[in-house]
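To start, the structure itself, in structure tokens.
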There are 2 protein chains.
Amino acid sequence: MPLKIGELAKRSGCQVVTIRYYEKEGLLPPPERTDANYRLYNDSDVERLHFIRRCRLHGMNLAEIRELLAFKDHPTVSCAWINELVEKHIADVERQIASLQHLKTHLETLRHACSGDRQQDCGILDSLDHGSPCACCEDEHCALSEYQKSTDAEKKARVSR
Amino acid sequence: MPLKIGELAKRSGCQVVTIRYYEKEGLLPPPERTDANYRLYNDSDVERLHFIRRCRLHGMNLAEIRELLAFKDHPTVSCAWINELVEKHIADVERQIASLQHLKTHLETLRHACSGDRQQDCGILDSLDHGSPCACCEDEHCALSEYQKSTDAEKKARVSR
DNA sequence: CGTAGTGTCTATAGCGACTATAGAGTCAAC
DNA sequence: GTTGACTCTATAGTCGCTATAGACACTACG
């Protein structure tokens, strides 16, 4: 018994609009329709959507998922590249963690820079104004500025809600 | 001696278009102009832009930076809320780190799921198809799905390049 | 039978912080 | 005078959704 889009949304934990969006983006095939033009999904659609959501949870972007789906549909070559994809994501995640940990030490330095309750000469503002965030940031290879650069890749592999 | 926009970009490490964007967004005041309508920046603009970039590096979004700048320009109230802002960012960053570390364990499980070199029955694809990513994700409070939710806030405080 | 409430449809615009592109003007050096 | 680097404005694109508007479909209740 086929599902309407709302039921599929409930089962997959994503929103109705997101399902339609995946269809528009070519990740889900155009489903059958009722006489009233309502979308009808079958078991293979349910599985495909779950696959997509799992991939998103693993930080993959839609282009990568499209590739994986194409391979699933027509596994013509070796899957070695999938290993590489996963390795790449692990490396990405490690880089993000390192950057965030560094960022955290910076923020903690900031936190102790001001006692609060001041109308002027707030130590935090001073620090944001003049201080280099920490000694390591004096040189070119500050992890915090690396963090900036890393976010492009990061942005592309983001899951929201 | 005032700077043209390209020189300011070099000094601040951000791009020309980004500077114009900050002006459009009201973070930088409209600068003076040459007869040829080129923007001219003075020392206080340089400082202000550095302040903005440092804040961005600390993961603050443009709305927060606008608030900080307004306070810097007219420090009429206590700066206690700045401490709160920093605390909030630390908590955010901690949440992001936890989510990413969890994501990493998931990806590492995936990595060992397939030896590669297969045309069919790739273990990684199987795992993405059917497996729940890890035992902890069987219940409702999986950190990985928390990761999904956290990214809204995260997205708002992102620095790219 | 009407109607209220929910679900679905399409199309379009908005989010955040930029980034890219087009087409035109400016300036310095050769 | 012409090449190349720089600047200007205005507009559209990025990513993965999310929100909105206006219309149609379906079900339950009186």
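In what follows, chains are A, B, ... by sequence order, proteins preceding strands, each numbered from 1.
Whole-Å rounding puts the B:Met60 CE to C:dG16 P distance at 18 Å. Residue A:Leu3 contributes atom CG, which lies 11 Å from atom P of C:dT8 at whole-angstrom precision. When the C1' atom of C:dC18 is taken as reference, atom CD1 of B:Ile52 falls 14 Å away, rounded to whole Å. Rounding to whole angstrom units, CD1 of residue B:Ile5 and C1' of D:dA5 are separated by 15 Å. Taking atom CG on B:Leu57 and atom C1' on C:dC18, their separation rounds to 15 Å, with Å as the unit. Summarising the geometry, the separation between NZ on B:Lys4 and P on D:dC6 is reported as 9 Å, rounded to the nearest angstrom.
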Q: Assess whether side chain to side chain donor-acceptor pair (under 3.5 Å) is satisfied between A:Tyr22 and A:Arg53, documenting all intermediate values.
A: CA-CA 11 Å; A:Tyr22 287 160; A:Arg53 295 307 290 176; 2.6 Å; yes

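A heavy-atom distance below 4.0 Å to DNA chain C is reached by these residues of residues 16-25 of chain A, ordered by number: A:Arg20. Contacts of residues 30-46 of chain B with DNA chain C (heavy atom under 4.0 Å): B:Ala36, B:Tyr38.
For the pair A:Lys4 and A:Tyr41, the NZ or CZ position fails the cation-pi test of under 6.0 Å to the six-membered ring centre and within 45 degrees of the ring normal.
Nearest heavy-atom pair, A:Asp45 versus A:Leu28, reported as atom, atom and distance to 0.1 Å: O-CD2, 4.3 Å. Among all heavy-atom pairs drawn from A:Leu40 and A:Pro31, the shortest one is O-CB, 3.4 Å. The shortest non-hydrogen separation linking A:His50 to A:Arg11 is NE2-O, 3.4 Å.
Set against C:dC9, D:dC17, C:dA17, the side chain of A:Leu62 has D:dC17 as its closest nucleotide.
Between B:Asp92 and A:Lys104, none of the side-chain N atoms (NZ, or NE/NH1/NH2) sits under 4.0 Å from a carboxylate O, so this pair counts as no salt bridge. For A:Arg20 and A:Glu25, the salt-bridge test fails: no basic side-chain N is under 4.0 Å from an acidic carboxylate O. Between B:Glu32 and B:Arg39 there is no salt bridge, since no side-chain nitrogen of the basic residue lies less than 4.0 Å from a carboxylate oxygen of the acidic one.
The side chain of A:Gln15 places an N or O atom within less than 4.0 Å of a non-bridging phosphate oxygen (OP1 or OP2) of D:dT18. B:Arg66 has no side-chain polar atom (N or O) that falls below the 4.0 Å cut-off from OP1 or OP2 of C:dA17.
No side-chain donor-acceptor contact under 3.5 Å links B:Gln101 to the backbone of B:Ala98.
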